[in-house]
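Read the structure below first, then the notes.
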Amino acid sequence: MHANIKNNEIIDFNSKYLNEDITRVETTQAMYELYKEDKRAVMFQNGEVVANPEYSNILAEEEKSQQIENLKQQLRELDLKSIRAIRANETEYLNTYEAQVLELRAQLTELGVEDDNGGL
């Protein structure tokens, strides 16, 4: 199994390039499987294809970003519900919505997002 390297980046596995800019490096099936799953899971380092030590951090950061976006979307939806309740003079719902907003903002704070009082 070979990885093809150009400018210290893995460009693919097992293709045969006839290009002096491409370096072929022997690697394992395991590295290839990781690469197939997600190209960011492996990297070229010190002349070898190795597992990316930052990969779990990359995935965690993506998950955190998705959580933040989901919480912000929920806040936007609650804002719309609050506006509708005010327009319909159904203010009994406002306390419920505000409690939900406070909980969502607390979750955002736990994720390291500054509370900007809803300025999403």
Side-chain angles (χ1 to χ4, degrees):
M1 169 96 17
H2 289 91
N4 295 303
I5 312 298
K6 183 175 183 178
N7 299 326
N8 285 325
E9 296 290 328
I10 300 169
I11 56 172
D12 72 0
F13 280 72
N14 282 340
S15 298
K16 296 195 179 200
Y17 286 94
L18 297 174
N19 185 326
E20 59 192 50
D21 293 338
I22 307 295
T23 304
R24 289 176 54 86
V25 176
E26 186 74 28
T27 189
T28 65
Q29 183 70 27
M31 289 297 110
Y32 174 65
E33 294 298 327
L34 284 173
Y35 180 84
K36 276 190 348 186
E37 187 176 311
D38 187 338
K39 292 178 181 181
R40 302 169 302 169
V42 297
M43 62 188 289
F44 182 67
Q45 184 178 51
N46 299 326
E48 296 181 308
V49 176
V50 296
N52 185 347
E54 292 298 315
Y55 185 61
S56 61
N57 293 339
I58 292 168
L59 294 180
E61 193 58 40
E62 285 179 355
E63 183 178 328
K64 179 180 174 182
S65 293
Q66 185 61 46
Q67 287 176 325
I68 290 169
E69 189 52 43
N70 288 340
L71 291 170
K72 286 182 176 185
Q73 180 60 36
Q74 290 177 52
L75 284 170
R76 286 188 285 271
E77 290 169 6
L78 284 169
D79 282 346
L80 291 175
K81 286 181 179 181
S82 296
I83 291 167
R84 288 184 189 121
I86 291 170
R87 263 195 302 203
N89 202 24
E90 297 173 347
T91 56
E92 66 273 11
Y93 295 111
L94 293 178
N95 288 336
T96 301
Y97 297 151
E98 185 60 23
Q100 292 172 358
V101 164
L102 291 174
E103 174 59 31
L104 292 172
R105 286 189 185 143
Q107 290 177 39
L108 283 171
T109 299
E110 287 176 20
L111 291 170
V113 177
E114 285 189 35
D115 184 4
D116 58 2
N117 203 25
L120 305 174

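No hydrogens, no waters, no symmetry mates; every other heavy atom, side chains included, goes into these values. Keep in mind the model is a prediction, meaning the values are calculated, not measured.
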State plainly whether one hydrophobic cluster holds both I11 and Y35, where clusters connect Ile, Leu, Val, Met, Phe, Trp and Tyr through side-chain heavy atoms under 4.5 angstrom apart.
no
N57 atom CG: more than 12 heavy-atom contacts under 6.0 Å
yes
Hey, are Q74 and N70 close enough side-chain-wise for a donor-acceptor pair under 3.5 Å?
no
Within the 3.5 Å criterion, strictly below it, is a donor on Q29 or E33 matched to an acceptor on the partner's side chain?
yes
Value for CZ (R105) from CD (Q100), rounded to nearest 0.5 Å, stands at 12.5 Å
Does F13 reach the side chain of V49, with side-chain heavy atoms less than 4.5 Å apart?
yes
Using atom types as modelled and distance alone, determine if a side-chain donor or acceptor of N7 lies under 3.5 Å from a backbone N or O of E9.
no
Report yes if some heavy atom in the side chain of P53 is under 4.5 Å from a heavy atom in the side chain of M43; otherwise report no.
yes
Decide whether E103 and Q107 meet the rule of one side-chain donor and one side-chain acceptor closer than 3.5 Å.
yes
Would you call L71 and L111 a side-chain contact if the rule is heavy atoms closer than 4.5 Å?
yes
Check whether any side-chain heavy atom of T27 sits under 4.5 Å from a side-chain heavy atom of V25, and report yes or no.
no
Calculate, to the nearest 0.5 Å, the distance between atoms CG and CD1 belonging to L78 and I83 respectively.
11.0 Å
Tell me if a side-chain donor or acceptor on N4 pairs with a main-chain N or O of I22 at a distance below 3.5 Å.
no
Heavy-atom pair of closest approach, residues M31 and V42
O-CG1, 3.6 Å
Would you call I58 and D38 a side-chain contact if the rule is heavy atoms closer than 4.5 Å?
no
Is there side-chain contact between L75 and L108, with at least one heavy-atom pair below 4.5 Å?
yes
Exactly one of E62, E69, E61 should register a side chain to side chain contact (heavy atoms under 4.5 Å, CB included) with S65. Which one does?
E61
Test side-chain contact (heavy atoms from CB on, under 4.5 Å) on I10 and I5 and set out the steps.
CA-CA 5 Å; I10 300 169; I5 312 298; 3.7 Å; yes
Taking atom OH of Y55 as the centre, report whether more than 12 heavy atoms of other residues, nucleotides or ligands fall under 6.0 Å from it.
yes
Between CE of M1 and CD of E26, what distance do you get to the nearest 0.5 Å?
9.0 Å
Ionic contact status for E77 with R84, cut-off 4.0 Å
no
K81 versus Y93: any side-chain heavy-atom pair under 4.5 Å?
no
